[in-house]
Peer 1: 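One structure follows; several queries about it will come next.
Each chain gets a letter, A, B and so on, in the order the sequences are listed, and its residues count up from 1. Values below: every heavy atom of this structure, side chains too, minus hydrogens, waters and symmetry copies. Remember, it's a predicted structure, so these values are computed and weren't measured experimentally.
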There are 2 protein chains.
Amino acid sequence: MSERKPRADAARNREAVLAAADRLFASCERPEQVTMADIATAAGVGKATLFRGFTDRTGLIRALYETRLEPIRHAVMDGPPPLGPDTPAMERVPALLDAVLCFKLDHRHLSLALEGTGSDSPYSAEHYDWWHDTLHRVLEQLPGFKGADFAAHALLAAVRADLVDHLVDRGMSREHLRAELAAYTGRILGEFA
Amino acid sequence: MSERKPRADAARNREAVLAAADRLFASCERPEQVTMADIATAAGVGKATLFRGFTDRTGLIRALYETRLEPIRHAVMDGPPPLGPDTPAMERVPALLDAVLCFKLDHRHLSLALEGTGSDSPYSAEHYDWWHDTLHRVLEQLPGFKGADFAAHALLAAVRADLVDHLVDRGMSREHLRAELAAYTGRILGEFA
DNA sequence: CGAAGATACGGACCCAGGGTCCGTTTACTC
DNA sequence: GAGTAAACGGACCCTGGGTCCGTATCTTCG
């Protein structure tokens, strides 16, 4: 390992910041009203500590997102079916999308914060590439499936945080949304059913 | 009409602002580096004039977007096939999506500016509702097509400005992108072909 | 255990950029 | 051509991301 272990207080503060940010994003109305100063205060820490530890706002949000996403990532990479790698493609595709959808529902404001972070498009985040690669590869396992690359992008676009948020705001329930997504995904896979 | 006609200089300035903004967005690298002050200067106008005429940044971008979109809107509402209302649903759906895609390609930065306008999600703009309603209705014309509402959202998500931008940046050509979108759309309509 | 060096801290500070205020100018009306 | 309403413009304000630097804290090693 090339990294030396960080100082104890630094590690503690890092956790405090992530926890505070999580709390604030979870309980706010719109993510952009959570300010960096707010997070610092809530974490009982100076502003500079945020920037020292996470570079900038985007970095903090991504770090937070990443920690929340980790369990799912793990489940996808080496968990059991229907998310894990041993799942047949026809079942894994809808399972992956459903997992993304549920994640966005469970972390609505955080996801909105991440994807709506102004300049930095969602497509420049590593985790997007990961999702896309994963889905892409699964689609390609379907023999004769053409355009898997674009299809993966398009399917992920269907579960973007702001769209999900919009639909929820319009009164669509979690289960209804999941059913609609499943039906839509089914259409894409249709001819292979 | 309840509106009185505006003063001549006001009308002239309005046009100058729209023209300047269009020019700046078209020639910039990223839309957020076009500042309101820049637009004012380029239009030979004071900043307050921008805000007086368009309320805020979002308002200006929307107004500009709207004027550029108008021809297409017209073509969709009462033009000839394949965009116009007399087109059979099976052909109109891909035509509509292709039109959206081409528009975003032709007005890349403007579209990015509109959809990435931070707080105001793309889903709160009137023109989105219009596109969605239109597509929704066409999909519903396909007998037995379920989930037209969600499908319309999902299909439109596949041509969001930042995704299109991302794919173009990755080297995908206009024609390739159009072909992929057509194939993807075909999948959605698949069982009705 | 205590001092030296490295590391982290925090809040005052900076600055860009969106949005506003108000004294002045300009276009219509009679 | 005078009077009025509408529009103008740029100085100004303020929020919020990001930085600076003197101070406090951890760690290490004698």
Side-chain angles (χ1 to χ4, degrees), chain A residues 2-21 24-25 28-64 109 112-114 116-121 124, chain B residues 1-21 24-25 28-64 109 112-114 116-120 124:
Chain A
S2 56
E3 295 295 330
R4 295 200 25 221
K5 111 170 108 170
R7 247 170 64 171
D9 53 349
R12 195 168 358 101
N13 279 334
R14 186 180 176 88
E15 290 314 307
V17 168
L18 287 173
L24 289 179
F25 279 123
C28 71
E29 203 65 28
R30 325 199 88 267
E32 68 270 21
Q33 38 189 234
V34 176
T35 183
M36 292 301 270
D38 291 343
I39 297 174
T41 304
V45 141
K47 262 181 71 177
T49 297
L50 300 199
F51 292 95
R52 204 174 310 112
F54 302 95
T55 311
D56 58 12
R57 179 172 235 263
T58 304
L60 169 53
I61 293 172
R62 285 198 185 160
L64 181 52
H109 296 104
L112 272 175
L114 181 79
T117 193
S119 51
D120 312 282
S121 91
S124 60
Chain B
M1 303 303 173
S2 55
E3 295 295 330
R4 293 197 28 216
K5 109 168 110 171
R7 249 170 63 168
D9 53 349
R12 192 169 3 99
N13 279 334
R14 186 180 176 86
E15 290 313 308
V17 167
L18 286 174
L24 289 178
F25 280 123
C28 71
E29 203 66 27
R30 325 198 88 268
E32 69 271 21
Q33 39 189 231
V34 175
T35 183
M36 293 301 270
D38 291 343
I39 297 174
T41 305
V45 143
K47 264 180 72 177
T49 298
L50 300 199
F51 292 95
R52 204 174 309 114
F54 301 95
T55 311
D56 58 11
R57 182 172 230 265
T58 303
L60 169 53
I61 292 172
R62 286 197 184 160
L64 180 52
H109 296 103
L112 273 175
L114 181 79
T117 195
S119 52
D120 313 281
S124 61

Peer 1: Got B:Phe54 and B:Arg14 here, is their nearest side-chain heavy-atom distance under 4.5 Å?
Peer 2: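 A side-chain contact exists here, since the closest heavy-atom pair is under 4.5 Å.
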Peer 1: Please determine whether a side-chain nitrogen or oxygen atom of A:Thr35 lies at a distance below 4.0 Å from atom OP1 or OP2 of D:dG17.
Peer 2: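 For A:Thr35, the contact criterion (side-chain N or O under 4.0 Å from OP1 or OP2 of D:dG17) is met.
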Peer 1: Indicate the atoms forming the closest heavy-atom contact of A:Gln33 with A:Arg30, along with that distance.
Peer 2: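 For A:Gln33 and A:Arg30, the tightest heavy-atom pair comes out as CG-O, 2.6 Å.
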Peer 1: Looking at B:Pro31 and B:Phe25, what are the two nearest heavy atoms and their distance?
Peer 2: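 Heavy atoms only, the tightest pair is O-CE2, 3.6 Å.
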Peer 1: Rounded to the Å, how far apart are A:Phe54 CZ and D:dT19 P?
Peer 2: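 Checked: the CZ to P distance equals 15 Å.
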Peer 1: Give the rounded distance in Å between these two atoms: NZ of B:Lys5 and C1' of C:dA27.
Peer 2: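 Spelled out: NZ on B:Lys5 to C1' on C:dA27 is 12 Å.
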Peer 1: I'd like to check A:Arg62 versus A:Ser124 (side-chain heavy atoms, cut-off strictly below 4.5 Å). Are they in contact?
Peer 2: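 With C-beta onward as the side chain, the pair touches.
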Peer 1: Output the rounded distance in Å from CZ (A:Arg12) to P (C:dT7).
Peer 2: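 Checked: the CZ to P distance equals 18 Å.
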Peer 1: May I ask you to decide if B:Met36's main-chain N or O and B:Arg57's side chain share a donor-acceptor pair within less than 3.5 Å?
Peer 2: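 No; zero donor-acceptor contacts below 3.5 Å.
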Peer 1: Starting at the 5' end of DNA chain C, which residue's closest nucleotide do you reach first, B:Ala8 or B:Asp56?
Peer 2: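 Closest to the 5' end, via its nearest nucleotide, is B:Asp56.
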Peer 1: For nucleotides 8-13 of chain C, list the nitrogen or oxygen atoms of the protein found under 3.5 Å from its nitrogen or oxygen atoms, one pair per line.
Peer 2:
from: C:dA8; atom 1: O4'; to: A:Arg7; atom 2: NH1; distance (Å): 3.4
from: C:dA8; atom 1: O4'; to: A:Arg7; atom 2: NH2; distance (Å): 3.4
from: C:dC9; atom 1: OP1; to: A:Asn13; atom 2: ND2; distance (Å): 2.3
from: C:dC9; atom 1: OP2; to: A:Arg52; atom 2: NH1; distance (Å): 2.7
from: C:dG10; atom 1: OP2; to: A:Gly46; atom 2: N; distance (Å): 3.0
from: C:dG10; atom 1: OP2; to: A:Thr49; atom 2: OG1; distance (Å): 3.2
from: C:dG10; atom 1: N7; to: A:Arg52; atom 2: NH2; distance (Å): 3.2
from: C:dG10; atom 1: O6; to: A:Arg52; atom 2: NH2; distance (Å): 3.4

Peer 1: Could you state the CE-C1' distance from B:Met36 to D:dT15, rounded to the nearest angstrom?
Peer 2: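 In whole Å, D:dT15 C1' lies 17 Å from B:Met36 CE.
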Peer 1: Minimum heavy-atom separation for B:Val45 and B:Asn13, please, with both atom names.
Peer 2: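 Shortest heavy-atom contact: CG2-OD1, 3.4 Å.
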Peer 1: Mind calculating the distance between CZ (B:Phe51) and P (C:dC21) to the nearest angstrom?
Peer 2: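 So the two atoms are 13 Å apart, to the nearest Å.
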Peer 1: Report the distance from atom CG of B:Leu50 to atom C1' of C:dT20, rounded to the nearest whole Å.
Peer 2: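 It is 13 Å, rounded to the nearest whole Å.
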Peer 1: Roughly how many Å is it from CG in B:Asp38 to P in C:dA16, rounded to a whole number?
Peer 2: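 After rounding, the reported distance stands at 13 Å.
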Peer 1: Between P on D:dG17 and CZ on A:Arg57, what's the gap in Å once rounded to a whole number?
Peer 2: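 After rounding, the reported distance stands at 5 Å.
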